[in-house]
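So you know, we letter chains A, B, ... as the sequences are listed, proteins then strands, and number each from 1.
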Amino acid sequence: MRPERYNFREAEPKWQQVWRARHTFKTQESDARQKYYVLEMFPYPSGRIHMGHVRNYAMGDVVARYKRARGFNVLHPMGWDAFGMPAENAAMQSKTHPAKWTYANIDTMRAQLKSMGLSLDWSREFATCDPSYYKHQQALFLDFLGRGLVARKQSRVNWDPVDQTVLANEQVIDGRGWRSGAPVEQRELTQWFFTITKYADDLLAALDTLERWPEKVRLMQANWIGRSEGLLVRFALAEQSKRTDARELDVYTTRPDTLFGAKFMAISPEHPLARELAQHDGALAEFIADCERRGTSEAAIEMGEKRGYDTGLHAVHPFDANWTLPVYVANFVLMEYGTGAIFGCPAHDQRDLDFANKYGLGNIPVVCPPGADPEKFVITDTAYDGPGRMINSRFLDGMTIDEAKQEVARRLEAQTLGNAPQAERKINYRLRDWGISRQRYWGCPIPIVHCDKCGAVPVPKDQLPVRLPDDVSFDRPGNPLDHHATWKHVACPACGGPATRETDTMDTFVDSSWYFARFTDPWNAEAPITKPVANRWLPVDQYIGGIEHAILHLLYSRFFTRGLRDTGYLDLAEPFAGLFTQGMVVHETYRGASGAWLSPAEVDVEADAGGRRAFAKADGSAVEIGAIEKMSKSRRNTVDPDDIIQSFGADTARWFMLSDSPPERDVIWTEEGVQGAARMVQRLWRVVGELKNAASASGGNGADGETGGAARAVRKAAHSALIKVGEDIERLRFNRCVAHIYELTNSLTEALDEIDSAAIPAELRAAFREAADILVQLFAPMMPHLAEECWADLGHGSPVAEAAWPAADRSLVIEDMLSLPVQVNGKKRADLVIERNADQAAIEAATLALDSVQRALAGKAPKKIIVVPQRIVNVVA
RNA sequence: GCGGACGUGGCGGAACAGGUAGACGCAAGGGACUUAAAAUCCCUCGACCUUCAAGUCGUGCGGGUUCGAUUCCCGCCGUCCGCACCA
C-alpha cells in the first residue's frame, strides 16, 4: 500500500543501499560511451561537513545524475585534501596526532557525505596524506626538478621569535603572532619554488580558450599574472658616497613618458641598497625594522600609511645631468615587483602624490588632459592618470602618452651609462614563482637530501616515499621534523656520506594541483598517472567550487598540468574545461542581552505583520536579530548538516540548497526555507500519487474534442518544463530548475482538480501517466531518494538513477495564437492576441483598433509603429 | 591601497540577445475544513490614487544613449570576495 506520507528515514538508507548493491555509480573504464568528468573541489577534513559542502556537492550531483541520464559515462569521484595546518593546531591543543585526527575526521565526514545520497564512485577515494598518494607527488617533484621547473632561492617569511615558527599571513595580526603575541620579524630563508613564471605568457594567453569559465575568474587571473610592457631605466647615482659602492639604481616603469615629472626615487626596505646603507645608519635600520613588523602581505603593505626615509643619496635624471632626485626608502615599494625601485611622478600616480605631499616634494604635471589649459593645469590632491598630451617635458611636449613612451625608450636605448644602454624595453609580470617550502610537519616531505659535499641531492625514486615519522611531538616550538631525533639523518644518496633530509614539507596547494588527474586511475601503484587513462578522462568537464579559489588553486593547477605535460604524464595543458564558482551559505546572527552570540538552535523566531522577533529558548528573553553573515564558529550562526538530514532528510536539504538563490551567489539559510522544501517533498509524493490514480482510473468516453484540450495542456506543461529544466541544468541555473518544477507541479495540480475522476478519457489518462514519469525524472537529480520511491511506486522495475532522460516533444510548446504586449511611447497599454504568423500590416491594424491604444493616443496620429516579431509592438505618437 | 564582483517588493529571487518588471518560493493577512490543532486547500499581497474603469510612480543614487533601459555608457554611494604560508 502507498503510505500517505513519504518516510525519508526509511527510504533514504534503502535507496542508498540499492545503488550500492547495483554499483550504479561505479564508473566502468570499459564503457565506450562519451565521457563526462564532473568534479567538486574536494574537502579539507576539518571535522564535520558544513552547509557549504552540502551546497557544493548537491550542485555537482545534479550535474552528474543529469549527465548520466543523458547517456554519458560519468566520472564523479571524491577524496580528501588532507594535509594542512589545522591538524597541527589540533595536535598542539588536544595532544592528538595529526594523522589520527585527520583520519578520524575523514571517517566522520565520509559517513555524512554518504548520508546525502551523492552519486559518487567511492572506489576511487583517497586522501592526500596517504603515503600512497604523496609518494607519487614526491616523484612528480623530482621530475619537475629534472625538467627545470624547480628552483631554490631566498625568500622572506614572517617569523615568530617566541614560537620559533613561520607564520602564515593570516596568523599575523597587527604585526604580532596570533598565538604568542610577539612582534613578528622577517627572515630570509632558502626555499623551494616551482617556476610558474616560465609559463606566465602561456597561462595568460590560454585564458582566452577557457570559454566555460566565468569571465570574472579569467579577469582575476589575468590581473594576477599582470603582464606589463615597460622600460628598465638605469639611473646614475650622483655622489660617490663612502656609504655605498653602488653607482646606479635600476628602476622598472610602465610610464617612461612621465620622466620629466619625476620628483624623487624610492626603493623598497628590502632593496639591497637599503640594506647596505642601514649597516651604517641606525635610524634607517630602525625604519626598515619597523616596516617589517607589518608582515609580508601585500595588503598590509599597501594599506599602511605611506612613509619614507631620506637616504641623502641622489640620482641623476637620465635626460639632464644637472637634475638630481632624492632617493628615499619607502614602505610602499614592493621588492617582489620589477626591480624594487621606482622613480616617483607625483602628478600622475596617486601613491607617489600622497608620498610627495607628505614630504613636501611638490609635483610637475606632464600630461595635460584633453580640453584643459596647459598653462593652468595643476595637481593638488588627485593624481591624473588619464589620456592627454605631454607638457613641461621638453622634447616630448605635444606628443600623446604612447608617442612619448616610444620616444623616451628610443632615446634611452641609444644613450649609454657606463658601457651599457641606459634603458631596455622589458615585459614584466606581477606573477612570482610559487614558493612551496613550508616549515611544518603535516605536509608532503620534499624528497631532497642535503650533503655538505654534494649539495641538494634528489632522493632516488626507488626510495620513495620519504615517509613522515609517526613519533613526533608538538610540545616544542619549531618544526617537529627538524628536531626529531633521527629522521633527518641519512646517508647521502650520491656519496654515501653523512647528510640530512630536507625538513620542509610542500605547500598543500601542491596536493590539490593534480588530484583531479589521480582520480582517473587511483589504483596505479607504480606511477602517479596512467597516461592513456588520464588523456581519456581529462579535462574535467565541469569543476565546481568556491570563488575563494579563483586565483591560487586554479592557477597552480593550470601550471601543474603544463608541468605534467612537459614531464610526459599527459597530453593537455588545461585541466578544467568548465568552471563554476558557487556562493557561500550565510545565516542570520543572534545576540542575547549580554551581547553573547546565540546559535540558531538556541533561538525561537516569531513573525507577524509587525515584523520578526527572536527570543532565547532558555529563558524567553529578547534576542537581537543581527546581520546575515557567512556561517562561522565565532558568530555561532552555523547549522549542522547532520541535524538537518536527521530532521528533514537529505532530499530536503539538497532541494533547499538549490532553490531560490542563483548558485553563484550567496544563499541565506533559513528555518522557513527548509520547512518549505520539506513541504515540497510531501507535496510531490502526493501529486505523483494522484497522477498515478488518475492515470489508472476507470475510463470515461468523453469526446476527443472536449478532452483534447486538457490532455494537450497537461502534455504541454510537462514537456515545456522538461525542455526548460534540461537547459537550466546544462547552464547550472538550479534555482530556475526548481522554479520550473514548482510551475509544473502547480499546473498538474490544477489539471487534477478539474477532472471528473469517474470518467477520464484515455487521452488524458495517458497524459497524466506521462506527466508523472516526467515530473519524477525532473526532480530526480535534486531529490534522488524521493524520486526512486515515486518511480518504484509508478511501477518501474529499475532505479530512476539508471533511467534515460525523457525525450521532449517541442511541437507541443508552439502555439498558434500569441499574445503581444502593446506599448504606446514605451508604456505598456494593452495585450494583443493575434495569430502567430500575422504580418506586419495586420498587427499594425489590430493594434490601432484597440480601445486602450486609442485612449492613450488621445486623438493624436501615430508617427511610427515598431513591431518586433513575436515580442512586442510599440506605437510612437 | 590594488584587483574582481554584486545592488530589483516585507525577504530570496525571475525577466532569453535592449522589448509586458516582480515568474517561482518564503513570510504576512483573510477564508475553508476540524471539537481543536497539525496537515491540506482557496483568496489577497510593490507604492500611491481610486466606487469601478483607469491612472501615476517604481529595479541603490545622479546623468546619458534609445521608439523603448533592471539590461548599454559615464559619475557617485553601499555591500561582499581575493591580495601569494588558511584551505
Side-chain angles (χ1 to χ4, degrees), chain A residues 4-5 41 43-44 46 81 83-86 157-158 166-172 214-217 219-220 222-224 226 296-304 306 332 336 350-351 354 430-440 507-509 512 546-553 555-556 581 583-584 586 607-612 630 659-662 664-668 670 672-673 675-677 679-680 682-683 686 727 735-736 738-743 746 749 753 819-831 852 855 863-866 868 871-877:
Chain A
E4 210 156 291
R5 286 182 68 78
M41 291 178 185
Y44 178 78
S46 54
D81 188 12
F83 275 135
M85 281 206 304
V157 295
N158 302 309
V166 175
L167 297 176
N169 284 328
E170 67 160 14
Q171 297 173 324
V172 178
E215 186 56 38
K216 63 173 171 177
V217 175
L219 240 174
M220 284 159 102
N223 289 332
W224 186 261
T296 57
S297 99
E298 199 175 304
I301 291 167
E302 291 198 15
M303 264 187 291
K306 286 162 193 62
F332 65 91
E336 286 84 7
Q350 191 61 47
R351 282 190 303 189
D354 294 343
R430 208 184 73 98
L431 180 68
R432 308 200 294 261
D433 278 336
W434 173 13
I436 59 159
S437 292
R438 297 290 182 272
Q439 296 68 39
R440 305 187 201 288
D507 180 7
T508 56
F509 272 124
S512 54
I547 184 69
E548 67 274 19
H549 294 293
I551 297 175
L552 291 182
H553 162 59
L555 193 62
Y556 290 155
T581 54
M584 295 182 301
V586 296
D608 60 27
R612 301 173 74 246
K630 178 178 182 171
S659 316
D660 290 355
S661 288
E664 69 278 9
R665 242 188 269 179
D666 291 350
V667 62
I668 304 176
T670 60
E672 294 82 8
Q675 301 281 0
R679 270 201 302 274
M680 183 60 171
Q682 295 302 337
R683 185 173 168 213
R686 276 195 311 276
E727 284 171 0
N735 57 319
R736 297 185 11 145
V738 167
H740 301 321
I741 292 169
Y742 271 110
E743 274 179 330
N746 290 346
T749 310
D753 277 351
S819 172
L820 285 180
V822 175
Q823 295 179 335
V824 177
N825 289 330
K827 279 185 199 257
K828 195 205 162 190
R829 297 294 175 183
D831 285 300
S852 43
R855 192 164 49 233
K863 286 198 189 104
K864 185 156 77 160
I865 300 179
I866 294 160
V868 184
R871 280 224 187 255
I872 202 165
V873 181
N874 191 13
V875 181
V876 186

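Taking atom CD1 of residue A:Ile668 and atom C1' of nucleotide B:G25, one finds them 13 Å apart after rounding to whole Å. In this structure, A:Arg665 places its CZ atom 7 Å from C1' of B:G13, rounding to the nearest Å. In this structure, the OH atom of A:Tyr742 is 15 Å from the C1' atom of B:A14, given to the nearest Å. For A:Glu743 and B:G13, the CD to C1' distance is 13 Å, given to the nearest whole Å. Nucleotide B:U40 holds its P atom 9 Å from the CD atom of A:Gln682, rounded to whole Å.
In this structure, A:His740 and A:Ile872 both approach RNA chain B, and ranking their closest nucleotides by distance from the 5' end singles out A:Ile872.
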**Heavy-atom protein contacts under 4.0 Å, nucleotides 71-87 of chain B, coded B base, S sugar-phosphate only, - none** = -----------SBBBBB
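Between the CD atom of A:Glu336 and the CD atom of A:Glu298 there is a distance of 8.0 Å, given to the nearest 0.5 Å. In this structure, the separation between CZ on A:Arg438 and OG1 on A:Thr508 is 7.5 Å, given to the nearest 0.5 Å. In this structure, CZ in A:Arg351 is found 5.0 Å from CD in A:Glu302, a value given to the nearest 0.5 Å. In this structure, CH2 in A:Trp224 is found 8.5 Å from CG in A:Leu555, a value given to the nearest 0.5 Å. For the atom pair CG (A:Leu552) and CG (A:Asp507), the distance works out to 9.0 Å, reported to the nearest 0.5 Å. Once rounded to the nearest 0.5 Å, the distance linking OG1 of A:Thr581 with CZ of A:Arg665 reads 12.5 Å.
B:U70 makes up no base pair with any nucleotide shown, lacking Watson-Crick or G-U wobble contacts both under 3.5 Å. B:G10 and B:C26 make up a base pair, with Watson-Crick or G-U wobble contacts both under 3.5 Å. Of the nucleotides present, none pairs with B:U34 by Watson-Crick or G-U wobble criteria with both distances under 3.5 Å. Within the shown strands, B:G82 is the pairing partner of B:C2 under the Watson-Crick or G-U definition, both distances less than 3.5 Å.
B:G55 and B:G1: their P atoms are spaced 49 Å apart (whole Å). Nucleotides B:A21 and B:G13, compared at atom C1', are 13 Å apart to the nearest Å. For the P atoms, the distance from B:C61 to B:A54 is 29 Å, rounded to whole Å. Between B:U8 and B:G60, the two C1' atoms lie 10 Å apart (nearest whole Å). Using atom C1' as the reference point in both B:U66 and B:U79, the two lie 31 Å apart (nearest Å). B:A69 and B:U20 have their P atoms separated by 11 Å, given to the nearest Å.
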Pairwise N/O distances under 3.5 Å, protein to nucleotides 50-58 of chain B:
residue	atom	partner	partner atom	Å
B:G55	OP1	A:Arg829	NH1	3.0
B:U56	OP2	A:Arg829	NH1	3.4
B:C57	OP2	A:Lys827	NZ	2.7

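With hydrogens and angles disregarded, a donor-acceptor distance shorter than 3.5 Å links the side chain of A:Asp666 to the backbone of A:Met584. No donor-acceptor distance shorter than 3.5 angstrom exists from the side chain of A:Asn874 to the backbone of A:Ile866, with no hydrogens or angles considered.
Counting any heavy atom pair closer than 4.0 Å across all strands shown, A:Ser659 reaches no nucleic acid atom. Using a 4.0 Å heavy-atom distance criterion, A:Ile866 is classed as a base contact.
Residue A:Asn746 places at least one side-chain N or O closer than 4.0 Å to OP1 or OP2 of B:G25. Under 4.0 angstrom from either OP1 or OP2 of B:C26 there lies at least one side-chain N or O belonging to A:Arg679.
For A:Arg351, the side-chain atoms get nearest to B:G1 when compared with the rest of B:U20, B:G1, B:G4. Of the candidate nucleotides B:C26, B:G1, B:G19, B:C26 has the atom nearest to the side chain of A:Glu672. Of the candidate nucleotides B:A5, B:G13, B:G68, B:G68 has the atom nearest to the side chain of A:Asn874.
Listed by chain and residue number, nothing satisfies the salt bridge (charged side-chain N to carboxylate O under 4.0 Å, His left out) test with A:Arg440 (two or more places apart in sequence, or in another chain).
Between A:Glu664 and A:Lys216 there is no salt bridge, since none of the side-chain N atoms of the basic residue sits less than 4.0 Å from a carboxylate O of the acidic one.
B:G9 shows a glycosidic angle within 90° of 0 and is accordingly assigned syn.
A donor-acceptor contact under 3.5 Å is not formed by the side chain of A:Asn223 with the base of B:G3.
A:Val586 has its side chain within reach of A:Ile668: a pair of non-hydrogen atoms, C-beta onward, lies under 4.5 Å apart.
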